Asks: 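Structure in structure tokens, see below.
Quick caveat, the model's predicted, so the values are computed rather than measured. To find a chain, count down the sequence lines: A is the first, B the second, and so on, and within it residues start at 1.
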Amino acid sequence: MNTNPQLQGIESIPGTYIFDLRASHKALRLNRFLWRLSFPIDRARFLANESEAMQAAELDKTEQQLIQARDWLGLVRYGASFFALEKLARVLTTSNLEMYAAMRSETFDQFLKTRRVPDAR
Amino acid sequence: MATVIGGICTSHVPIIGVAYDNGKQADPAWQPLFDGYKPVAAWLAHHKPDALVFIYNDHCSAFFFDLYPTFALGLGETFRVADEGSGVRALPPIRGDLELQIHIAESLVNQEFDLTVFQDRPLDHGCASPLPLLWPHEPDWPGTLVPIAINVLQYPLPTARRCFRLGQALRRAIESYPRDLKIVVVGTGGLSHQVHGERTGFNNTEWDMEFLHLFEHDPEALTRLTHADFVRRGGAESVEQIMWLTMRGAMGGSVRKIHQNYYLATTTAMTVVLYEDSEYFANSPANTERPVRAG
């Protein structure tokens with residue numbers, strides 16, 4: 001649902017998930033968990049035991065599964081902010097380009113072939 | 001009186017910072033980007049502004065969605081550069097001019113831009129990715145920064161028109177500062193890109209060129225666009241170009257573009273543009289001497 005006149009017609013743009021107050025409210029716990037991965041203490045905790053860290057943050061089953069599966073597109077559709085997701089990617093040493101490929105359901109090499117200067121990384 | 005002498009627009013893609021730190025300045029894939037900043041750095045070295053007002057957005061480094069400000073001004077004599085998960089960058093802390101920051105905050109609020117003021121929060125790649133390409137930093141930065149963060153992450157975002165008007169108010173704030181400081185306003189972000197969803201990787205060079213043309217000659221036309229217009233034409237995350245409009249609002253009616261570099265390598269059309277303030281350079285003939293000319 002969109003009630004913001006600035007976003008009128010946004011539904012007609014494919015493959016785009018607007019991070020608005022509805023998404024932000026729904027996914028607050030998930031985004032907080034992702035965001036906290038930029039703090040060394042939470043990063044270490046996640047790396048030591050992923051599921052324990054997620055349970056401690058009271059993520060629900062769906063949220064935990066999305067993270068376990070590294071389902072970048074699913075996380076975005078669920079309501080994760082891309083800029084919170086980036087913190088998870090850094091912990092997993094996944095590059096942004098690898099995330100992009102996954103969101104397009106392409107292999108990394110397939111995705112690079114669509115880019116003008118694939119070596120710029 | 002403080003004066004706006006020019007404006008710079010630049011992308012703030014995090015990978016620019018990574019490539020810079022990894023010494024890729026002469027790498028064939030990166031050289032077109034780094035070379036594109038050299039005339040801008042030379043102009044800054046020549047005109048020696050005292051401060052850069054940096055219009056940027058925070059990427060969940062200083063703020064989180066439990067309290068995410070629409071407009072926020074950074075207050076402090078130093079700002080640390082955020083560790084965004086890849087470690088601390090080898091950059092000195094960014095310096096701030098407290099009295100200038102306070103004056104701008106007071107002036108903007110008195111002009112009814114009721115912004116948030118933050119202290120003791122780091123600046124992330126929104127500022128730190130392009131900054132070393134503009135200013136040298138060894139042993140220290142040559143001037144100070146006034147960081148102004150705009151929410152371009154969580155809708156509702158401020159409208160394009162509101163961002164433009166913020167820039168107009170910023171110019172009045174700068175011009176009412178009693179000390180003789182030279183100021184350059186930097187707008188960051190863009191150009192076309194989308195980094196989420198199945199539409200990730202979307203670019204639109206034709207629109208980027210139209211945007212650059214309107215930005216220079218008819219910025220009011222851009223203030224009539226909705227966020228959905230930006231998303232459709234330039235990709236979802238290109239909506240951050242509304243931050244360029246704040247810089248444009250601070251530049252007064254006419255500007256003179258003296259340098260532009262556009263480099264679309266992977267996903268973001270990485271762009272840097274330098275504008276001189278027509279009023280400043282018209283009123284001070286001695287100022288027209290410059291290291292670079294329009295190409």
Asks: Could you show, one pair per line, the donor-acceptor contacts under 3.5 Å between chain B and chain A?
Replies:
from	atom 1	to	atom 2	distance (Å)
B/Lys24	NZ	A/Arg121	O	2.8
B/His59	O	A/Lys87	NZ	3.0
B/Cys60	O	A/Trp35	NE1	3.2
B/Cys60	O	A/Lys87	NZ	3.2
B/Gln154	OE1	A/Ser24	OG	2.5
B/Tyr155	N	A/Phe19	O	2.9
B/Tyr155	O	A/Leu21	N	3.3
B/Gln194	NE2	A/Gly15	O	3.3
B/Gln194	NE2	A/Thr16	OG1	3.0
B/His196	NE2	A/Tyr17	N	2.8
B/His196	NE2	A/Tyr17	O	3.1
B/Glu198	N	A/Gly15	O	3.3
B/Glu198	OE1	A/Tyr17	OH	2.9
B/Glu198	OE2	A/Tyr17	OH	3.1
B/Glu198	OE2	A/Arg77	NH2	2.5
B/Arg199	N	A/Gly15	O	3.2
B/Thr200	O	A/Arg104	NH1	2.8
B/Gly201	O	A/Arg115	NH1	3.2
B/Gly201	O	A/Arg115	NH2	3.4
B/Thr205	OG1	A/Arg116	NH2	3.3
B/His227	N	A/Gln6	O	3.3
B/His227	N	A/Gln6	OE1	3.0
B/His227	ND1	A/Gln6	OE1	3.3
B/Ala228	N	A/Gln6	O	2.9
B/Ala265	O	A/Arg116	N	3.3
B/Ala265	O	A/Val117	N	2.8
B/Thr266	O	A/Arg115	NH1	2.8

Asks: Measure A/Val91 against the heavy atoms of chain B and call it side chain, backbone, both or neither at under 4.5 Å.
Replies: neither
Asks: B/Pro156, B/Ala236, B/Ala82, B/Ala160: which one forms the most heavy-atom pairs within less than 4.5 Å of chain A?
Replies: B/Pro156
Asks: For A/Phe82, which atoms come within 4.5 Å of any heavy atom of chain B: side chain, backbone, both, or neither?
Replies: side chain
Asks: With a 4.5 angstrom heavy-atom cut-off, could you sort out which part of A/Leu97 is near chain B: side chain, backbone, both or neither?
Replies: side chain
Asks: Search all heavy atoms of B/Ala228 against all heavy atoms of A/Ile13 and return the closest pair with its distance.
Replies: O-CD1, 4.0 Å
Asks: Looking at B/Leu157, B/Val195, B/Ile15, which makes the most heavy-atom pairs under 4.5 Å with chain A?
Replies: B/Val195
Asks: Heavy-atom cut-off 4.5 Å, strictly under: side chain, backbone, both or neither for A/Phe111 against chain B?
Replies: side chain
Asks: Closest approach of B/Ala265 and A/Ala120, non-hydrogen atoms and distance?
Replies: CB-CB, 3.6 Å
Asks: Using a 4.5 angstrom heavy-atom cutoff, name the option from A/Leu37, A/Leu73, A/Ile10, A/Val117 with the most pairs to chain B.
Replies: A/Val117
Asks: Can you tell me how far CZ of A/Phe83 sits from CZ of B/Phe65, rounded to the nearest 0.5 angstrom?
Replies: 8.5 Å
Asks: Using non-hydrogen atoms and a 4.5 Å limit, figure out which bit of A/Leu7 sits close to chain B: side chain, backbone, both or neither.
Replies: both
Asks: Quick one: list whatever passes ring-ring contact (aromatic ring centres under 6.0 Å, His included) with B/Phe113, sequence neighbours left out.
Replies: none
Asks: Relative to chain A, which segment of B/Leu225 carries a heavy atom at a distance below 4.5 Å: side chain, backbone, both, or neither?
Replies: backbone
Asks: For the candidates B/Val18, B/Val231, B/Val239, which exhibits the highest count of non-hydrogen atom pairs separated by less than 4.5 Å from chain A?
Replies: B/Val231
Asks: Top residue by heavy-atom pair count (under 4.5 Å) with chain A, among B/Pro28, B/Ala29, B/Ala19?
Replies: B/Ala29
Asks: Measuring heavy-atom distances to chain B, does A/Leu28 have an atom under 4.5 Å in its side chain, in its backbone, in both, or in neither?
Replies: both
Asks: How far does SG of B/Cys60 sit from CG of A/Leu85, to the nearest 0.5 angstrom?
Replies: 10.0 Å
Asks: Which atoms of B/Pro32 are under 4.5 Å from chain A, going by heavy atoms: the side chain, the backbone, both sets, or neither?
Replies: neither
